[in-house]
Amino acid sequence: MNRAISPTRRRFLRLAATGAAAAAVPTWIPRAVLGEGSQPGANDRITVGVIGTGGRSNLLIDQLPEQGRILALCDCFLARANDTNAKKGDGKWAVYQDHRQLLDRKDIDAVIVGTPDHARVLVCIHACQAGKDIYAEKPLTLCIGEGRALVRAVRKYGRVFQVGSQQRSMAMNRLACEFIRSGKLGKIRVVQGVNYTGPRFPEELPEEEKPRDLDWDRWLNQAPARPYHTQLHYGWMAWWDYSGGEMTNWGAHGLDQVQWALGKDGTGPVDIRPQGPAKDMNAPVHMKYDDGTPLRLELSGGPMGGAVFSGENGRIEINRNKFTCNPPDLIRELPPQEEVDKWRDEVALWQAKYHMVNWMECIRTRELPVADVEIGHRSISVSHLANIARYLGRRLQWDPVRETFVGDDEANALVLRPRREGYELPEA
């Protein structure tokens, strides 16, 4: 017996078909790569360089859609790039230690940037200047100011830029966020998020012998010069100079869902209140948007990849590739099961294949991808605002239009951090 397809299901099937078509269509190489007057052939693929070859980049290499083809790798730790080349490229990919050499190649269309947080923006701006399209991992930035500089560069050079916030490509997340944004949950009374832990401040660590194939100065990038230590090299996410801790790591996902569901992709909170003393980087943080919607980062557990939205008509908890409602039938129409199941493969919910499909289709069409650079910048700015408020230990007023704190020079000094000589951001 034929069953009628509901409008919601029909819409998701259409979106899924679009994604499937994107995976199947002949891919595209910019004419500038092929030479003056050349036309791409039916079997041309988007050529890719990978900058940063740590664990996340290796997963992305494994998940690269069929329309992409890797030509080169780069890592300031040359031994790691060589190891990835041997294991995944059969030794056939070119390997570089300086990302600018990779970017100089005219036969590379796009790059995946999977460096540590503190090195990401400079590499991405150089990629923009070199005419490459970019897939950059989250968290996008180390501080708010460099995020705005990156947005300017992407727009100036006309690049397609996808941030690795893959929940933007998940049907369950899209449905729940659209439901809230459309007003069906009613007026939002409060949004509760996880109290993500923050970073530690650097300590004086004794110098250790660094690996022979590691360019430590290049690894440090914009951060202050320090002697090599394994706790910095391999545990960089724990330290203020290189990362925002879990507030920017998981917060990049969870707070992105808050921004999306509330329709705040182009703005951010205006009032930030830490619930602890200065430099308590694990204190809960309460915020408000300009329409009065409260956001409280206070949960000790729960939806790391989302938040709990309480409104006039019920409650929705959004997490990665799933949501729950109270009352249970608040959202009645669900995506096709295959749209949910495709994110549950051998690497579970860590994969980003279909998010990269969207990126590569946008390289072909020159449209904005689902997690455009402005979206990524605004979402991670919420995390940075929380960490700045924790650092200072006082209430802050934020102007999301000017992207400055109101009447607070000390806070504004943290919007864009000083950068080490030789690693300054280019003017855009």
Practice problem: Go through the steps to decide whether Asp271 and Gln397 satisfy the test side chain to side chain donor-acceptor pair (under 3.5 Å), and finish with yes or no. | Solution: CA-CA 5 Å; Asp271 184 85; Gln397 300 293 313; 2.5 Å; yes

Quiz item: Can you check salt bridge (charged side-chain N to carboxylate O under 4.0 Å, His left out) on Asp62 and Lys87, steps first, answer last?
Solution: CA-CA 11 Å; Asp62 291 341; Lys87 291 179 179 178; over 6 Å; no

Quiz item: Looking at Asp133 and Arg366, does any basic side-chain N land under 4.0 Å from a carboxylate oxygen?
Solution: yes

Self-check item: Criterion side chain to side chain contact (heavy atoms under 4.5 Å, CB included) on His377 and Glu403, from CA distance to verdict
Solution: CA-CA 11 Å; His377 162 59; Glu403 293 187 297; 2.6 Å; yes

Quiz prompt | Backbone of Glu146 reached by a side-chain donor or acceptor of Thr141 within 3.5 Å | solution = no

Quiz prompt | Ala252 backbone acceptor or donor facing Ser379 side chain under 3.5 Å | solution = no

Quiz item: Is the backbone of Ile70 close enough, under 3.5 Å, to the side chain of Trp93 for a donor and an acceptor to pair up by distance?
Solution: yes

Quiz prompt | Side chain to side chain, Gln166 and Tyr354, heavy atoms closer than 4.5 Å | solution = no

Self-check item: ring pair (Phe, Tyr, Trp, His ring centres under 6.0 Å) partners for Trp240, two or more places apart
Solution: Phe201, Tyr391

Self-check item: Near-ring test Trp216/Trp219, centroid separation under 6.0 angstrom
Solution: yes

Quiz item: Do Pro426 and Gln129 touch side chain to side chain, with heavy atoms closer than 4.5 Å?
Solution: yes

Practice problem: For the pair Lys353 and Glu66, find out whether any cationic side-chain nitrogen is under 4.0 Å from an anionic carboxylate oxygen. | Solution: no

Self-check item: Nearest atoms (heavy-atom pairs only) where Tyr135 meets Gly164
Solution: OH-CA, 3.4 Å

Practice problem: Using distance alone, with no hydrogens and no angle criterion, decide if Lys138 and Asn249 have a side-chain donor and acceptor under 3.5 Å apart. | Solution: yes

Quiz prompt | Flag for Asn282-Thr197: side-chain donor and acceptor within less than 3.5 Å | solution = no

Quiz item: Is Lys88 atom NZ crowded by more than 12 heavy atoms from other residues, nucleotides or ligands, each under 6.0 Å away?
Solution: yes

Exercise. Please test Arg120 against Asp117 for salt bridge (charged side-chain N to carboxylate O under 4.0 Å, His left out), starting from the C-alpha separation and ending with a verdict.
Key: CA-CA 5 Å; Arg120 191 163 297 137; Asp117 305 354; 3.4 Å; yes

Exercise. Please examine the side chains of Ile112 and Val48, heavy atoms only from C-beta on, and report whether any two atoms are closer than 4.5 Å.
Key: yes

Practice problem: Before accepting this row, confirm whether a basic side-chain N of the pair Glu374/Arg148 lies closer than 4.0 Å to the acidic partner's carboxylate O. | Solution: yes

Quiz item: Do any N or O atoms from the side chain of Asn173 and from the backbone of Arg168 form a donor-acceptor pair under 3.5 angstrom?
Solution: no

Quiz item: Taking atom CD1 of Ile180 and atom CD1 of Ile188, what is their separation to the nearest 0.5 Å?
Solution: 6.0 Å

Quiz prompt | N-O pairing of Asp44 and Arg69 below 4.0 Å | solution = no

Quiz item: Within a reach of under 6.0 Å around CD of Glu421, are more than 12 heavy atoms found that belong to other residues, nucleotides or ligands?
Solution: no

Quiz item: Which atom pair, heavy atoms only, marks the closest approach of Leu334 to Leu175?
Solution: CA-CD2, 4.0 Å

Practice problem: Could you walk me through whether Lys342 and Glu338 pass salt bridge (charged side-chain N to carboxylate O under 4.0 Å, His left out), step by step? | Solution: CA-CA 6 Å; Lys342 73 181 186 181; Glu338 59 267 26; over 6 Å; no

Quiz item: Checking Arg159 side chain against Tyr157 main chain: does a donor-acceptor pair fall under 3.5 Å?
Solution: yes

Quiz item: Is the side chain of Asn326 donor-acceptor paired with the backbone N or O of Arg315 at a distance under 3.5 Å, no angle test?
Solution: no

Self-check item: Matching residue for Met247 among His384, Met281, Arg390 - test: side-chain contact (heavy atoms from CB on, under 4.5 Å)
Solution: Arg390

Self-check item: Any Pro116 side-chain heavy atom under 4.5 Å of Tyr242 side chain
Solution: no

Quiz item: Looking only at atom types and distance, does a side-chain atom of Asn358 sit under 3.5 Å from a main-chain N or O of Val370, one as donor and one as acceptor?
Solution: yes

Quiz item: Is a side-chain N or O of Gln97 found less than 3.5 angstrom from the main chain of Asp213, in a donor-acceptor match?
Solution: yes

Quiz item: Which pairs with one or both residues in residues 230-244 pass salt bridge (Lys or Arg N to Asp or Glu O under 4.0 Å), sequence neighbours excluded?
Solution: Arg226-Asp241

Quiz item: More than 12 non-hydrogen atoms from neighbouring residues, nucleotides or ligands closer than 6.0 Å to NZ on Lys210, yes or no?
Solution: yes

Quiz item: Salt bridge between Arg80 and Asp83, side-chain N to carboxylate O under 4.0 Å?
Solution: no

Quiz item: Would Asp265 and Arg181 satisfy salt bridge (charged side-chain N to carboxylate O under 4.0 Å, His left out), going step by step from the backbone distance to the final call?
Solution: CA-CA 11 Å; Asp265 280 346; Arg181 192 168 59 251; over 6 Å; no

Practice problem: Using side chain to side chain contact (heavy atoms under 4.5 Å, CB included) as the criterion, list what pairs up with Lys264, not counting sequence neighbours. | Solution: Gln259, Leu262, Thr267, Tyr289, Asp290, Asp291

